[in-house]
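Small disclaimer: the values here were computed from a predicted structure and weren't measured. Each ligand, and each atom within it, is numbered from 1 in the order the structure gives.
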Amino acid sequence: MAEEAGPSELEAQLTSMLDGPLLVVTTFNGRERAGCVVGFATQCSIAPGRFAIWLSKANHTYRVGIHADRFAVHFLTEHDHDVADLFGTNTGDEVDKFSRCEWEADVDGVPLLPACPNRFRGRRTALLDDGSDHVCVILEPLEVSSSGPFKPLRHSDVTDLEAGHPAEERPTPTQRAPRG
Ligand SMILES: Cc1cc2nc3c(=O)[nH]c(=O)nc-3n(C[C@H](O)[C@H](O)[C@H](O)COP(=O)(O)O)c2cc1C
């Protein structure tokens, strides 16, 4: 018999069992580069091909990404714990992550990580904000590359990592209000 629990507790229990794969999403808005670990992500259309990622409103990557239309999505492998550590526990509000790893700019200036060759470059087709603490960015893959089959890095592989910006750190409307 199923255990009883409140909706949010039950949801947390169920979703933790999914143990989803982890990505690093990078972007460039013409002025600033950004990138962070993303667990909320999924393919969401076959024809045309679409892939959705969710960015936390607390993150530097979100603030850069809302002004960007090009992104790169890097699929992490079981060997990429160090990449997840760099991009998931540090915030671009405080450190330049790209000074701490190898990267190269694609044709649009978006950082590509040579350490993560399983990736695609994508164009933003929509941004959906339902008022929750993440926004959904829908991407049309433009160019896909892969070094072959790999075992994904999953949530259960990074239980030692603490997010650089917990989702509850997002600025409130009061904090965003103009002064004076
Ligand atoms: C396992 C794990 C999963 C995460 N999933 C997401 C996610 O789906 N979306 C997101 O925006 N941030 C997610 N984060 C949090 C960011 O990667 C983290 O707060 C990062 O430091 C933000 O960097 P930034 O402020 O430079 O964007 C996750 C972090 C970890 C460790």
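Counting only distance, with no hydrogens or angles, the side chain of D85 and the backbone of H81 share no donor-acceptor pair below 3.5 Å. H155 places no side-chain N or O within 3.5 Å of a backbone atom of P21 that could act as its donor or acceptor partner.
The side chain to side chain contact (heavy atoms under 4.5 Å, CB included) search around H79 returns T77, not counting sequence neighbours.
At a cut-off of 3.5 Å, with distance as the only test, a side-chain donor of S132 or D130 sits close to an acceptor on the other residue. Side-chain polar atoms of T91 and H60 form no donor-acceptor pair below 3.5 angstrom.
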Which protein N or O atoms sit under 3.5 Å from any N or O of ligand 1? Give atom names and distances.
{"residue": "ligand 1", "atom": "5 (N)", "partner": "G39", "partner atom": "N", "Å": "3.1"}
{"residue": "ligand 1", "atom": "8 (O)", "partner": "G39", "partner atom": "N", "Å": "2.9"}
{"residue": "ligand 1", "atom": "8 (O)", "partner": "F40", "partner atom": "N", "Å": "2.9"}
{"residue": "ligand 1", "atom": "9 (N)", "partner": "W54", "partner atom": "O", "Å": "2.9"}
{"residue": "ligand 1", "atom": "11 (O)", "partner": "S56", "partner atom": "N", "Å": "2.6"}
{"residue": "ligand 1", "atom": "11 (O)", "partner": "N59", "partner atom": "ND2", "Å": "2.9"}
{"residue": "ligand 1", "atom": "12 (N)", "partner": "V37", "partner atom": "O", "Å": "3.4"}
{"residue": "ligand 1", "atom": "12 (N)", "partner": "N59", "partner atom": "ND2", "Å": "3.1"}
{"residue": "ligand 1", "atom": "14 (N)", "partner": "V37", "partner atom": "O", "Å": "3.2"}
{"residue": "ligand 1", "atom": "17 (O)", "partner": "V37", "partner atom": "N", "Å": "3.1"}
{"residue": "ligand 1", "atom": "17 (O)", "partner": "V37", "partner atom": "O", "Å": "2.8"}
{"residue": "ligand 1", "atom": "19 (O)", "partner": "G164", "partner atom": "N", "Å": "3.3"}
{"residue": "ligand 1", "atom": "19 (O)", "partner": "H165", "partner atom": "N", "Å": "2.9"}
{"residue": "ligand 1", "atom": "19 (O)", "partner": "H165", "partner atom": "O", "Å": "3.3"}
{"residue": "ligand 1", "atom": "21 (O)", "partner": "G88", "partner atom": "O", "Å": "3.1"}
{"residue": "ligand 1", "atom": "21 (O)", "partner": "N90", "partner atom": "O", "Å": "2.7"}
{"residue": "ligand 1", "atom": "21 (O)", "partner": "G164", "partner atom": "N", "Å": "3.2"}
{"residue": "ligand 1", "atom": "23 (O)", "partner": "N90", "partner atom": "O", "Å": "3.3"}
{"residue": "ligand 1", "atom": "23 (O)", "partner": "K97", "partner atom": "NZ", "Å": "2.9"}
{"residue": "ligand 1", "atom": "25 (O)", "partner": "H60", "partner atom": "N", "Å": "2.9"}
{"residue": "ligand 1", "atom": "25 (O)", "partner": "T91", "partner atom": "OG1", "Å": "2.7"}
{"residue": "ligand 1", "atom": "26 (O)", "partner": "G92", "partner atom": "N", "Å": "2.7"}
{"residue": "ligand 1", "atom": "26 (O)", "partner": "K97", "partner atom": "NZ", "Å": "2.9"}
{"residue": "ligand 1", "atom": "27 (O)", "partner": "H60", "partner atom": "N", "Å": "3.3"}
{"residue": "ligand 1", "atom": "27 (O)", "partner": "T61", "partner atom": "N", "Å": "2.8"}
{"residue": "ligand 1", "atom": "27 (O)", "partner": "T61", "partner atom": "OG1", "Å": "2.6"}

For a salt bridge (charged side-chain N to carboxylate O under 4.0 Å, His left out) check, start with the C-alpha distance between R33 and D96, then their side-chain angles and the critical distance, and finish with the verdict.
CA-CA 9 Å; R33 275 179 285 276; D96 177 5; 6.0 Å; no
